[in-house]
There are 2 protein chains.
Amino acid sequence: MTQDFSKDKPIYAQLVDRICGDVLKGYLKPGEKLPSVREYAIESGVNVNTVQRVYKELEAMEMTETKRGQGTFITTNEERIGQLREEMMTQLATQFLTMIDSLGFTKEEMIEVLKKGG
Amino acid sequence: MTQDFSKDKPIYAQLVDRICGDVLKGYLKPGEKLPSVREYAIESGVNVNTVQRVYKELEAMEMTETKRGQGTFITTNEERIGQLREEMMTQLATQFLTMIDSLGFTKEEMIEVLKKGG
DNA sequence: ATTAGTGTACTATGTCAATAGTACACTAAT
DNA sequence: ATTAGTGTACTATTGACATAGTACACTAAT
């Protein structure tokens with residue numbers, strides 16, 4: 001099933017984000033097995049190598065553990081998941097603050113807009 | 001003067017952001033003339049076409065007015081600048097909210113992090 | 001030992017965005 | 001008409017990304 005991907009970001013990055021989100025939201029539980037690279041490639045309508053890159057990045061950030069011949073699994077280290085959650089939040093916040101500053105907005109007015117939105 | 005550009009974003013986009021910020025902050029006044037594409041290219045250590053693209057985008061968003069043979073000027077339409085300010089804020093906010101949602105964070109916890117940071 | 005299922009590695013190819021180099025076109029002043 | 005200064009258009013190059021095909025390596029089950 002070919003899925004819809006945004007053009008402003010590489011597919012592998014979007015898949016990484018999606019899986020990260022599913023883990024942080026609890027949709028994917030610690031220890032749970034992800035689809036094989038081939039399965040996921042077909043599901044998403046992308047190439048095996050693209051999925052491989054996704055799994056590689058996820059493992060590099062210790063969000064998953066890959067066992068050759070067996071598959072790729074969400075890490076059972078729940079503390080690590082918590083760490084990642086913190087790291088990603090502060091990183092997102094920092095980037096956002098830098099961006100709004102360079103565009104001439106203040107943190108306070110931006111927070112107001114955020115409260116109203118979504 | 002070769003300047004420092006981030007690698008995670010195209011140079012032209014960074015220059016657009018910078019000029020937008022300078023306008024919104026009031027560092028660049030309505031009617032003020034920007035450097036010529038060649039001047040700016042040399043100053044920034046980039047190619048003429050990169051600057052041209054920057055000026056093109058700025059004109060497309062009606063932040064500047066380009067007069068062939070004369071130069072590129074900040075728009076004298078101050079209302080338009082105010083509009084752009086609003087548009088950019090809501091757009092930034094929307095993108096940010098979408099991003100944090102897809103990564104599994106709530107708006108409220110993110111706002112807390114923002115308040116502490118920066 | 002064989003098989004099926006898994007991840008991994010390597011090379012080649014195509015596409016597109018970003019950038020660069022160069023030549024052209026318009027405007028104002030002389 | 002010429003010149004200097006401006007924006008514009010065209011083509012080429014580079015690199016990142018995605019794809020494709022193929023081969024390899026490990027694991028578990030039989």
Side-chain angles (χ1 to χ4, degrees), chain A residues 1-20 23 28 30-77, chain B residues 1-20 23 28 30-76 95:
Chain A
M1 286 289 102
T2 298
Q3 297 180 2
D4 50 332
F5 294 105
S6 143
K7 273 179 302 185
D8 63 337
K9 219 174 176 183
I11 291 178
Y12 79 89
Q14 296 180 50
L15 289 175
V16 169
D17 285 350
R18 181 181 307 170
I19 295 177
C20 279
V23 173
L28 289 171
E32 189 166 338
K33 183 177 179 305
L34 293 174
S36 77
V37 287
R38 290 173 181 77
E39 273 181 357
Y40 207 162
I42 294 171
E43 277 179 20
S44 306
V46 301
N47 188 269
V48 179
N49 291 307
T50 305
V51 179
Q52 191 197 346
R53 177 161 189 182
V54 173
Y55 283 9
K56 207 173 173 183
E57 301 233 350
L58 288 170
E59 194 183 20
M61 65 174 74
E62 300 179 75
M63 174 156 283
T64 59
E65 291 165 6
T66 291
K67 297 175 187 170
R68 194 184 186 115
Q70 299 182 51
T72 299
F73 305 82
I74 306 299
T75 181
T76 52
N77 183 349
Chain B
M1 294 298 278
T2 299
Q3 298 179 358
D4 49 333
F5 294 106
S6 144
K7 274 179 301 184
D8 63 337
K9 217 174 176 184
I11 291 177
Y12 81 89
Q14 295 180 51
L15 289 175
V16 168
D17 285 350
R18 182 181 305 170
I19 295 176
C20 278
V23 173
L28 289 171
E32 188 165 341
K33 184 179 180 302
L34 292 175
S36 77
V37 286
R38 289 174 182 74
E39 273 182 356
Y40 207 163
I42 294 172
E43 277 179 22
S44 306
V46 302
N47 188 269
V48 180
N49 290 306
T50 305
V51 178
Q52 190 197 346
R53 177 159 189 183
V54 173
Y55 282 11
K56 207 172 171 182
E57 300 232 350
L58 289 171
E59 194 182 21
M61 66 175 72
E62 298 178 77
M63 174 156 284
T64 60
E65 290 165 6
T66 293
K67 297 174 188 171
R68 194 185 185 114
Q70 299 180 50
T72 299
F73 307 82
I74 306 298
T75 182
T76 53
Q95 286 176 352

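By convention in this document, chain letters (A, B, ...) are assigned in the order of the sequence lines, proteins followed by strands, and residues within each chain are numbered from 1.
Within 4.0 Å of R38(A), counting heavy atoms only, lies at least one base atom of the nucleic acid.
Looking at D17(B), N47(B), T50(B), V46(B) one by one, the single match for side chain to side chain contact (heavy atoms under 4.5 Å, CB included) with Y12(B) turns out to be T50(B).
I42(B) places its CD1 atom 15 Å from the C1' atom of dG7(D), with the value rounded to the nearest Å. Spacing between atom NZ of K56(B) and atom P of dC10(D) amounts to 10 Å, rounded to whole angstrom units. Put simply, CZ on R53(A) is 14 Å from P on dA9(C), counting in whole angstrom units. In this structure, N47(A) places its CG atom 9 Å from P of dG21(D), rounding to the nearest Å. Atom-to-atom, CD of E57(B) to P of dA17(C) comes out at 13 Å; the value is rounded to the nearest Å. Nucleotide dT19(C) holds its P atom 13 Å from the NZ atom of K9(B), rounded to whole Å. Taking atom CD of Q52(A) as the reference point, atom P of dC26(D) lies 15 Å away to the nearest angstrom. Taking atom OH on Y40(A) and atom P on dG7(C), their separation rounds to 13 Å, with Å as the unit.
Considering only heavy atoms from C-beta on, V51(B) stays 4.5 Å or farther from S36(B) through its side chain. You'll find the side chain of R18(A) stays beyond 4.5 Å of the side chain of Q14(A), heavy atoms only. With contacts defined as side-chain heavy-atom distances shorter than 4.5 Å, the pair I19(B)/Y40(B) qualifies. At a threshold of 4.5 Å between non-hydrogen side-chain atoms, the residues M63(A) and V23(A) count as touching.
Near DNA chain C, meaning a heavy atom under 4.0 Å from it, residues 61-74 of chain A has T66(A), R68(A), G69(A), Q70(A), G71(A), T72(A) in order of number.
Y55(A) has no side-chain polar atom (N or O) that falls below the 4.0 Å cut-off from OP1 or OP2 of dG7(C). Checking the phosphate oxygens (OP1, OP2) of dT19(D), a side-chain nitrogen or oxygen of T50(A) falls inside 4.0 Å.
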The dot-bracket string of DNA chain C, counting Watson-Crick and G-U wobble pairs with both distances under 3.5 Å, using [ ] for crossing pairs and | for pairs to another strand, is ||||||||||||||||||||||||||||||
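The base of dA9(D) lies close enough to the side chain of N49(B) for a donor and an acceptor atom to sit less than 3.5 Å apart.
Donor-acceptor pairing under 3.5 Å is lacking for the side chains of E59(B) and T64(B).
With rounding to the nearest 0.5 angstrom, the CG atom of L28(A) is 6.0 Å from the CG atom of L34(A).
In this structure, S44(B) and F5(B) approach most closely via the heavy-atom pair O-CE1, 3.8 Å.
A donor-acceptor pair under 3.5 Å is absent between the side-chain atoms of Q52(A) and the main chain of V37(A), judged by distance alone.
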